[in-house]
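For reference, the structure discussed in these notes is given below.
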Amino acid sequence: MRIVFLGAPGSGKGTQAKKIMADFGFPQVSTGDLLRAAVAAGTELGQRAKAAMDAGELVTDDIVLGIIAERLAEDDCANGFILDGYPRNLQQAEDLQPVLEDIGQSLDAAVLLDVDMDILMKRLTGRRTCSKTGKLLNIYFSPQSEIDECLEQGGELIQRADDNEETISNRLKIYREQTEPLIGFYRDAGLLRTVEGEGDVDEIYARLKATLDLT
Ligand code: AP5
């Protein structure tokens with residue numbers, strides 16, 4: 001299964017990709033995670049990407065193309081992958097084609113997680129990661145038991161640097177301007193599947209699996 005996840009910031013791409021990875025073994029390839037790791041490691045690439053990420057702007061196409069080509073060539077992507085956060089504009093969608101040809105693969109589907117804009121802000125301002133387990137949580141939506149589990153293990157609830165209201169507003173604006181046109185691009189290619197992304201995480205996951213014929 002080779003999937004692209006479309007969807008606004010906060011639509012649940014990471015949440016759902018992790019569930020597929022856990023159940024079916026296809027690796028989640030998140031350009032956001034790869035870029036944050038580069039920033040944290042202080043690499044030259046990370047230093048070049050940091051200012052754009054802090055402002056909620058897109059990192060340049062050449063930087064993300066380099067990291068995605070390198071990642072998709074790794075062995076664990078040979079039997080499938082979930083692209084989470086790439087491509088993010090039409091140029092990146094064009095850039096992806098030769099990368100896939102080089103590794104002899106093609107996409108099976110582009111999944112749009114469809115969520116209303118007013119829900120996204122709350123999901124993003126409430127997002128936290130447990131410093132101990134790495135689990136993705138939300139102070140507004142996660143069951144208290146999951147938050148307590150993190151704290152009881154001595155974990156802290158870490159907020160992402162770009163999950164503040166100003167940066168989120170810009171990320172949503174950039175999504176509407178640059179990423180939404182990909183919906184038409186993948187519809188024209190016959191690959192688009194739309195999944196209702198509101199409601200309970202497990203209900204959305206059930207809809208997603210049904211859409212992708214994953215059993
Ligand atoms: P990236 O890391 O890709 O962030 P994003 O697209 O803004 O997406 P998010 O991770 O914010 O949201 P998500 O859809 O994964 O939601 P999640 O599952 O976490 O990119 C960050 C930055 O990197 C970009 O701004 C850019 O600068 C750069 N970048 C990355 N890729 C790039 C590219 N290709 N080109 C150029 N630049 C690039 O869920 C969010 C929250 O909601 C969580 O707390 C979760 O617990 C909660 N939640 C999820 N589902 C539900 C539900 N059903 N009900 C209630 N809560 C829920």
Side-chain angles (χ1 to χ4, degrees), residues 1-22 24-113 134 136 160-162 170-171 174-175 177-193 208 212:
M1 183 57 69
R2 293 152 191 100
I3 319 166
V4 164
F5 264 168
L6 299 174
S11 59
K13 302 181 297 294
T15 301
Q16 298 295 332
K18 284 181 177 60
K19 288 181 83 67
I20 296 185
M21 182 164 66
F24 299 96
F26 306 123
Q28 171 200 15
V29 177
S30 157
T31 36
D33 286 350
L34 292 167
L35 288 165
R36 277 185 289 279
V39 170
T43 64
E44 192 206 327
L45 186 150
Q47 285 167 17
R48 284 170 64 200
K50 187 175 185 311
M53 294 177 77
D54 285 347
E57 302 285 333
L58 293 186
V59 173
T60 58
D61 294 338
D62 62 320
I63 290 183
V64 282
L65 176 61
I67 60 171
I68 209 79
E70 201 172 295
R71 180 67 186 89
L72 289 180
E74 287 178 26
D75 289 347
D76 65 332
C77 292
N79 295 320
F81 49 77
I82 308 154
L83 283 180
D84 166 7
Y86 190 91
R88 243 174 158 102
N89 59 29
L90 288 167
Q91 182 59 53
Q92 292 182 12
E94 305 281 358
D95 291 343
L96 180 60
Q97 308 288 358
V99 173
L100 293 176
E101 279 162 27
D102 279 352
I103 57 171
Q105 305 212 33
S106 59
L107 294 176
D108 296 307
V111 179
L112 171 64
L113 286 173
L136 194 56
R160 239 168 72 175
D162 59 349
N170 200 37
R171 284 159 59 202
I174 297 281
Y175 172 77
E177 291 172 358
Q178 300 200 36
T179 310
E180 260 182 2
L182 290 178
I183 297 170
F185 177 90
Y186 283 115
R187 183 183 293 118
D188 291 348
L191 292 172
L192 185 70
R193 319 261 178 100
L208 178 63
L212 294 171

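Please read these numbers as outputs of a predicted model, since none were measured by experiment.
- In this structure, R171 and E57 have side chains that are not in contact, with every pair of non-hydrogen atoms separated by 4.5 Å or more.
- With salt bridges taken as basic N to acidic carboxylate O contacts below 4.0 Å, none links K50 and D162.
- Side-chain N or O atoms of Q28 include none that pairs as donor or acceptor with a backbone N or O of M21 at under 3.5 Å.
- With a 6.0 Å radius and a threshold of 12 heavy atoms from other residues, nucleotides or ligands, E70 has its CD atom at or below the threshold.
- For the pair D76 and F26, the minimum side-chain heavy-atom distance is 4.5 Å or more.
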Could you give me the CA-CA distance, side-chain angles and deciding distance for L191 and V4, then say whether side chain to side chain contact (heavy atoms under 4.5 Å, CB included) is met?
CA-CA 9 Å; L191 292 172; V4 164; over 6 Å; no
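- The minimum heavy-atom distance linking D84 with F5 is given by the pair CA-CB, 4.4 Å.
- Using a 4.5 Å heavy-atom threshold, the side chains of L96 and L72 count as touching.
- Among D95, T179, D61, the one residue that satisfies the side chain to side chain donor-acceptor pair (under 3.5 Å) test with N89 is D61.
- No donor-acceptor pair closer than 3.5 Å links the side chain of K13 to the backbone N or O of L113.
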Determine, step by step, whether L192 and F185 satisfy the side chain to side chain contact (heavy atoms under 4.5 Å, CB included) criterion, reporting the C-alpha distance in whole Å, the side-chain angles of both residues, the deciding distance to 0.1 Å, and the verdict.
CA-CA 9 Å; L192 185 70; F185 177 90; over 6 Å; no
Step by step, work out the side chain to side chain contact (heavy atoms under 4.5 Å, CB included) result for M53 and V39.
CA-CA 10 Å; M53 294 177 77; V39 170; 4.1 Å; yes
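- Note that CD of E177 is 10.0 Å distant from CG of L58, once rounded to the nearest 0.5 Å.
- Side-chain contact between C77 and R71: present, with at least one pair of heavy atoms (C-beta onward) separated by less than 4.5 Å.
- Taking both residues in full, the closest heavy atoms of L6 and A110 are given as CD1-CB, 4.4 Å, listed atom of the first, atom of the second, then distance.
- The minimum heavy-atom distance linking D62 with R48 is given by the pair OD2-NH2, 3.6 Å.
- Nearest heavy atom pair, residue Y175 against residue P9, reads CB-CD, 3.8 Å.
- Distance check: S11 OG to L112 CG gives 7.5 Å after rounding to the nearest 0.5 Å.
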Report the C-alpha distance between F24 and M1 in whole Å, list the side-chain angles of each, state the deciding distance to 0.1 Å, and finish with yes or no for side chain to side chain contact (heavy atoms under 4.5 Å, CB included).
CA-CA 10 Å; F24 299 96; M1 183 57 69; over 6 Å; no
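- The OG1 atom of T15 sits 11.5 Å away from atom CG of L208, with the distance rounded to the nearest 0.5 Å.
- The backbone N or O of G85 lies less than 3.5 Å from a partner atom in the side chain of T31, making a donor-acceptor pair.
- I82 pairs in a side chain to side chain contact (heavy atoms under 4.5 Å, CB included) with only one of the listed residues (V29, V111, I3), which is I3.
- Closest of all the heavy-atom pairs between A73 and I103 is CA-CG2, 4.2 Å.
- Sparse packing is recorded around CG of N79, with 12 or fewer heavy atoms of other residues, nucleotides or ligands lying under 6.0 Å away.
- Residues S106 and L100 fail the side-chain proximity criterion, which asks for heavy atoms closer than 4.5 Å.
- The closest donor-acceptor contact from the side chain of Q16 to the backbone of G12 lies at 3.5 Å or more, if one exists at all.
- Distance CD/Q91 to OG1/T60: 11.5 Å, rounded to 0.5 Å.
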